[in-house]
Amino acid sequence: DQLDIISMAETTMMPEEIELEMAKIQRLREVLVRRESELRFMMDDIQLCKDIMNLKKELQTLVAVPEKEKTKMDKQREDELIQKIHRLVQKRDFLVDDAEVERLREKEEDKEMAEFLRTKLKPLDKATQSPTSSPAEKKVEPPPSKPTIAKAGLAIIKDCCGATQCNIM
């Protein structure tokens, strides 16, 4: 009698299959949002590094002037530049820390999602298995891993003004 119900959904799909597909689409959306966030971290890092580099060039120009020839304004500008560079480096350190916290949070979410999909797929596999198919269980693959900031961007971020010294620093 359930066939009498008219639905916009395909009649060949079971509700469990629809739920599973929706979960996969949600997962894909999360991966894309994460990637966008990583790219924003990277763009912010690049801009901070450029700003630091420009300030350091200006500071090097001032430092190259012999101490006897420096005006009071030159000395003040040196101090200002040092303070600005220090603030930008601190800002960059916070950015790197935020990226790492985000990466760890995402890793935990990935574990939870993989477990959720495993529990969802097991009942679905049993329901959709034909009686003639082999009794061997299908392997449940975890959701596709996304490029993480740890694999790509974090190395770039830390190499530029971060944990390891780069050309700028």
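Excluded from the calculations below are hydrogen atoms, water molecules and symmetry mates; all remaining heavy atoms, backbone and side chain alike, are included.
- The two residues Lys56 and Ile85 have their closest heavy-atom pair at CG-CD1, 3.6 Å.
- For Glu36 and Arg40, the salt-bridge test passes: some basic side-chain N is under 4.0 Å from an acidic carboxylate O.
- Hydrophobic clustering, with ILVMFWY side chains joined whenever heavy atoms are under 4.5 angstrom apart, keeps Leu95 apart from Leu104.
- Between Glu109 atom CD and Phe116 atom CZ the span is 13.5 Å, to the nearest 0.5 Å.
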Steps toward side chain to side chain contact (heavy atoms under 4.5 Å, CB included) verdict (Leu88, Gln83):
CA-CA 9 Å; Leu88 288 177; Gln83 289 174 5; over 6 Å; no
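- We find the CG-CZ distance between Leu39 and Arg35 to be 4.5 Å, quoted to the nearest 0.5 Å.
- Between Asp110 atom CG and Arg105 atom CZ the span is 9.5 Å, to the nearest 0.5 Å.
- Comment: Glu102 does not engage Arg34 in a salt bridge, judged by the lack of any side-chain N to carboxylate O separation of less than 4.0 angstrom.
- With rounding to the nearest 0.5 angstrom, the CZ atom of Arg77 is 11.0 Å from the OG1 atom of Thr61.
- Within the 4.5 Å cutoff, no side-chain heavy atoms of Leu20 are placed close to those of Glu16.
- The CG atom of Asn54 sits 11.0 Å away from atom SG of Cys49, with the distance rounded to the nearest 0.5 Å.
- In the hydrophobic clustering of ILVMFWY residues, with side-chain heavy atoms under 4.5 Å counting as a link, Val65 and Leu55 come out apart.
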Please assess Thr71 against Asp74 for the test side chain to side chain contact (heavy atoms under 4.5 Å, CB included), listing each intermediate value before the final yes or no.
CA-CA 5 Å; Thr71 66; Asp74 289 338; 3.3 Å; yes
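- The shortest heavy-atom contact between Leu62 and Glu78 is O-OE2, 3.6 Å.
- Residue Lys72 holds its NZ atom at 10.0 Å from NZ of Lys75, rounded to the nearest 0.5 Å.
- Using a 4.0 Å cut-off between charged nitrogen and carboxylate oxygen, Glu100 and Arg103 count as a salt-bridge pair.
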So Glu38 and Glu106, side chain to side chain contact (heavy atoms under 4.5 Å, CB included) or not? Walk me through it.
CA-CA 11 Å; Glu38 290 172 357; Glu106 290 170 357; 4.1 Å; yes
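- Partner of Gln26 under the side-chain contact (heavy atoms from CB on, under 4.5 Å) criterion, chosen from Lys24, Met22, Glu30: Glu30.
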